[in-house]
Amino acid sequence: MKKTDNIYLVGFMGVGKSTISKQLQPLLGWKEVDTDKYIVGKKRMSIPDIFEAYGEAYFRTLETNILKDLAKEEGQIISCGGGMALKEENRKIMKASGTVFLLSASPQTIYEHVKNGKERPLLNGHMDVKYIAELMEKRRPCYEKAGDIEIVTDSLTPEEVAEKITEHMKEQRGEL
Ligand code: S3P
């Protein structure tokens with residue numbers, strides 16, 4: 001597929017953005033970028049350490065700066081940290097430079113994906129379905145504003161989600 005766009009994958013922590021990006025890569029031949037990994041690589045610090053040392057606001061600024069850089073390029077599958085869609089500035093940058101896919105899943109599904117992880121500072125100490133459901137509800141309006149297309153992933157395999165994204169991209173380009 002011609003590299004004249006970007007794909008942004010947004011949605012709650014643990015919804016499977018990185019896994020789906022890996023499935024998409026061979027289907028499109030585009031470059032994969034993960035904003036969390038990009039930040040960790042640049043700062044040479046883990047995300048919990050960045051939150052602890054500099055605070056969440058600093059991390060959010062790093063995210064916006066990275067997004068501005070990425071938005072100058074094309075042909076990228078960009079998996080965004082779960083907070084990327086919360087800022088209006090970020091939503092504008094994403095919409096102007098790509099197609100934004102909102103991946104969603106139930107709090108129970110998310111819990112199953114994140115329960116054994118320690119790398120998400122916002123969930124450490126709150127690892128339960130109720131907390132996830134509340135945070136998801138709070139974020140929902142921002143996620144909905146960010147997404148051009150929403151895909152509910154609960155009953156789909158990562159391969160199926162990647163196929164749906166590819167179909168949308170082809171349809172949008174009149175290639176179907
Ligand atoms: C966050 C999501 C995380 C990471 C950071 C904050 C969030 O990324 O950016 O811990 O606020 O939702 P994942 O969505 O990849 O877990």
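Heads up: numbering here begins at 1 and tracks the sequence. In listed order, ligands and their atoms are each counted from 1.
Counting only heavy atoms of the protein, atom 10 (O) of ligand 1 lies nearest to P121 CD, 3.6 Å. Among all protein heavy atoms, the one lying closest to atom 14 (O) of ligand 1 is K17 NZ, 2.6 Å. Remark: minimum distance from atom 16 (O) of ligand 1 to any protein heavy atom is reached at R120 NE, 2.6 Å. Distance from atom 12 (O) of ligand 1 to its nearest protein heavy atom, with residue and atom name: R139 NH1, 2.7 Å.
Shown here are the side chain to side chain contact (heavy atoms under 4.5 Å, CB included) partners of D69, two or more places apart in sequence or in another chain: K42, K72. Listed by chain and number, the residues in a salt bridge (Lys or Arg N to Asp or Glu O under 4.0 Å) with E159 amount to none (sequence neighbours excluded).
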Check your understanding: For Y8 and S79, what are the C-alpha separation, side-chain angles and deciding distance, and is it a side chain to side chain donor-acceptor pair (under 3.5 Å)?
Key -> CA-CA 6 Å; Y8 290 100; S79 311; over 6 Å; no

Exercise for review: Quick one: do D5 and Q172 satisfy side chain to side chain contact (heavy atoms under 4.5 Å, CB included)? Show the steps, please.
Suggested key: CA-CA 11 Å; D5 198 357; Q172 192 175 287; 3.6 Å; yes

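Close approach to G82 involves these atoms of ligand 1, each under 4.0 Å from a residue heavy atom: 1 (C), 2 (C), 3 (C), 7 (C), 8 (O), 12 (O), 13 (P), 14 (O). Close contacts of ligand 1 with L122, meaning ligand atoms under 4.0 Å from a residue heavy atom, involve 7 (C), 11 (O). Close approach to D36 involves these atoms of ligand 1, each under 4.0 Å from a residue heavy atom: 3 (C), 4 (C), 8 (O), 9 (O), 13 (P), 15 (O).
Between G83 and ligand 1, at least one pair of N/O atoms sits closer than 3.5 Å.
Within the 3.5 Å criterion, the main-chain N or O of S104 finds a donor-acceptor partner in the side chain of T153.
Only the side chain of R60 comes within 4.0 Å of ligand 1, counting heavy atoms alone; its backbone N, CA, C and O stay farther away.
When ring centroids are compared, Y54 and F59 stay outside the 6.0 Å threshold.
To the nearest 0.5 Å, atom CZ of residue F101 and atom CD1 of residue I149 are 4.0 Å apart.
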